[in-house]
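Remarks on the structure that follows.
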2 protein chains.
Amino acid sequence: MSTKDVRRVPHVTIDDQAVNGRTLLAVTEVRSRAERKERTRQNLLDVTLTMISNRSLASLSLREVARAAGIVPTAFYRHFESMDALGVELVDESMRPLRQMIRDARRGRAAHGDIIKDSVAILGNQVRTHPAQFRFLSRERYGGVGAVRRAIDTELRLFTSELTVDLARLTAGADWTSDDLEMTADLMVSTMLNTVMALLEVDKRHVEDEQAILHRAERQLRLVALGMGVWHSSSG
Amino acid sequence: MSTKDVRRVPHVTIDDQAVNGRTLLAVTEVRSRAERKERTRQNLLDVTLTMISNRSLASLSLREVARAAGIVPTAFYRHFESMDALGVELVDESMRPLRQMIRDARRGRAAHGDIIKDSVAILGNQVRTHPAQFRFLSRERYGGVGAVRRAIDTELRLFTSELTVDLARLTAGADWTSDDLEMTADLMVSTMLNTVMALLEVDKRHVEDEQAILHRAERQLRLVALGMGVWHSSSG
DNA sequence: GCGTTCAGTGAACGCTCGTACACTCAATAG
DNA sequence: CTATTGAGTGTACGAGCGTTCACTGAACGC
């Protein structure tokens, strides 16, 4: 019986599962055809994200991705029209941690005092937990193909306008114009993105560096906040 | 006489030259062999920079670049070991406008009052004059190959430390630690880079957008400067 | 003058690439 | 139970890739 014949048998997936501290093999039959399709599709997205960590999306070939996902090149087309289309889907997928970040920050804010410290800590956590997603977004934001770049830009603009709303609440008393608010939000988002990229470039080395970068981001945001206290619209 | 035979004749270059408002063809004999080599080398760098404007360096093939430069693929190796090596050289070349920027800003500062307004104007001019270089640096800073990325990072770090020195002079009276100075310089450089990327993304559309982006950058830097006035080290 | 140097040539190599096409066969629908 | 569907297969194609190699002939050094 050759290895090829195995594949002709009813579909079976083998997963590693940790139970009671021991690793054992669990055989999971995947019933639905739609479910199996979704699994392959997700696998394509996953392996692409993994491969992207060292290189750019443009340098990845359809064949290479298909190979890594364990399917034949032609089967790729059952899921995506092209590598570019896969890239656009990947933007959506990678934006999830970023959206989660906003939710976390807003929930935490109600609790106690230091918004900046908390926000930076949340940023650090998200980057540490989802490095591949953030790396993908950083890499492709300016370096990528047109469609992917545009998709990322749209999402980031959304992020900035969310922050603008938050800033409007915080400065409810002062005479801030919406233009000034947006300008400030943009400055803060730019600072955070700069921090993300710095975090991604050092994560191989020691944890102290990571702390130093987060501490720097904290001080930078604090500096901006101090400026906000003195700002009045005629300043610009 | 075939077109190929023309190339066997002593080397001749045909340039467009504008003289007295009229365009005429000037035939320039290039004497030195070294000089001709340098010309080809520069041509390789130039065509690469041009092609990069739409795509990433990684998606450019050696053959494609050689073809655009009008030489055979093998001749490429007379000038660069690989496309990556060419990329590293291109970083050096593209950094020249950025270095010029610092010199311009320092010269202008001695003259009169508004450092921020002048610096932002200089930034705008440099980006408008050398869009290809700035686009290359933006694209490859995070998206590019390892060697290129590292080369850009080194130069940007140098840029930040130059600015740190300038800030030290400006805050001579206050109790700024070198750590705080660097943190602030980093914030400002990050803001300027963000501005550069914004400028590059809109330059196809109207001039008003460009002015709006520069105005925003001016206000952002002013906000930071205001923060500096209130800052003291214990803030961080 | 004359042998040397070396930027550029052109054919040939063994790859990988995207895409086309006809196919298989388990899951699904009726 | 049977017919249809559709995710995945396998072969084949023409094209482009990086790199090798032996070469040409104008510019150069002596």
Side-chain angles (χ1 to χ4, degrees), chain A residues 1-13 27-45 47-48 51 55-87 145, chain B residues 1-13 27-48 51 55-87 145 147:
Chain A
M1 198 193 209
S2 81
T3 42
K4 277 182 183 176
D5 295 327
V6 171
R7 271 185 253 166
R8 297 295 157 97
V9 126
H11 286 264
V12 159
T13 318
V27 176
T28 314
E29 289 234 11
V30 180
R31 276 162 298 284
S32 149
R33 180 147 69 174
E35 196 181 336
R36 258 187 297 114
K37 174 165 186 180
E38 179 53 29
R39 245 177 157 63
T40 305
R41 186 192 136 93
Q42 194 56 51
N43 200 223
L44 280 168
L45 289 167
V47 300
T48 303
M51 300 172 96
R55 356 195 325 221
S56 71
L57 185 70
S59 75
L60 234 58
S61 72
L62 184 151
R63 286 181 107 103
E64 217 172 341
V65 171
R67 205 181 303 132
I71 59 171
V72 109
T74 28
F76 178 96
Y77 293 107
R78 301 276 180 204
H79 306 277
F80 303 100
E81 207 194 30
S82 64
M83 280 297 294
D84 284 13
L86 182 148
V145 184
Chain B
M1 198 195 213
S2 82
T3 41
K4 280 183 184 176
D5 296 326
V6 173
R7 272 185 253 167
R8 298 295 157 98
V9 126
H11 285 264
V12 158
T13 318
V27 177
T28 314
E29 288 234 12
V30 181
R31 277 162 297 284
S32 148
R33 180 149 68 176
E35 196 181 338
R36 258 187 298 114
K37 176 167 186 180
E38 179 53 30
R39 243 172 156 67
T40 304
R41 186 192 137 93
Q42 194 56 50
N43 200 224
L44 281 168
L45 290 167
D46 288 351
V47 300
T48 303
M51 300 172 97
R55 358 194 326 220
S56 71
L57 185 69
S59 76
L60 235 58
S61 72
L62 184 152
R63 286 181 107 104
E64 215 173 342
V65 171
R67 205 180 304 130
I71 59 172
V72 109
T74 23
F76 178 95
Y77 293 106
R78 301 279 179 201
H79 305 278
F80 303 100
E81 207 194 30
S82 65
M83 280 296 294
D84 285 11
L86 182 147
V145 184

Could you tabulate the donor-acceptor pairs under 3.5 Å formed by side-chain atoms of residues 72-85 of chain B, not counting sequence neighbours?
unit_1: Ser82(B); atom_1: OG; unit_2: Asp84(B); atom_2: N; d: 3.4
unit_1: Ser82(B); atom_1: OG; unit_2: Ala85(B); atom_2: N; d: 3.3

Protein-nucleotide distance (Leu60(B), atom CG; dG16(D), atom P), rounded to Å | 15 Å

Residues 40-48 of chain B, side-chain donor-acceptor partners within the protein, below 3.5 Å, at least two apart:
unit_1: Thr40(B); atom_1: OG1; unit_2: Arg36(B); atom_2: O; d: 3.2
unit_1: Arg41(B); atom_1: NH2; unit_2: Glu89(B); atom_2: OE1; d: 2.6
unit_1: Gln42(B); atom_1: NE2; unit_2: Asp46(B); atom_2: OD1; d: 3.3
unit_1: Gln42(B); atom_1: NE2; unit_2: Glu93(B); atom_2: OE1; d: 3.4
unit_1: Gln42(B); atom_1: NE2; unit_2: Glu93(B); atom_2: OE2; d: 2.9
unit_1: Thr48(B); atom_1: OG1; unit_2: Leu44(B); atom_2: O; d: 2.7

Report the residues that fulfil side-chain contact (heavy atoms from CB on, under 4.5 Å) with Ala58(B), sequence neighbours left out, ordered by chain and then residue number.
-> Ser56(A), Ser59(A), Ser56(B)

Could you state the atom-to-atom distance from CZ of Phe76(B) to C1' of dT20(D) in whole Å?
-> 17 Å

Using a cut-off of 4.0 Å on non-hydrogen atoms, how would the nucleic acid contact of Thr40(B) be classed: base, sugar-phosphate, or nothing?
-> sugar-phosphate

In whole angstrom, give the distance that lies between atom CG of Asn43(B) and atom C1' of dG8(C).
-> 14 Å

Between the protein and nucleotides 13-16 of chain C, which nitrogen or oxygen pairs come in under 3.5 angstrom?
none

Under a 3.5 Å limit on both distances, the Watson-Crick or wobble mate of dC30(D) is dG1(C)

In whole angstrom, what separates Gln42(A)'s CD from dA7(D)'s P?
-> 16 Å

Would you kindly give the NE2-to-C1' distance between His79(A) and dG8(D), to the nearest whole Å?
-> 8 Å

The residue, Ser82(B) or Ala34(B), whose nearest nucleotide of DNA chain D is more 5′ is Ser82(B)

Tyr77(B) OH to dG8(C) C1', straight-line distance once rounded to whole Å = 15 Å

Please enumerate all protein N or O atoms sitting under 3.5 Å from an N or O of nucleotides 4-6 of chain D, with distances to 0.1 Å.
unit_1: dT5(D); atom_1: O2; unit_2: Arg33(A); atom_2: NH1; d: 3.1
unit_1: dT5(D); atom_1: O2; unit_2: Arg33(A); atom_2: NH2; d: 2.9

Contacts of Arg55(A) meeting salt bridge (Lys or Arg N to Asp or Glu O under 4.0 Å) (sequence neighbours excluded), chain-then-number -> Glu64(A)

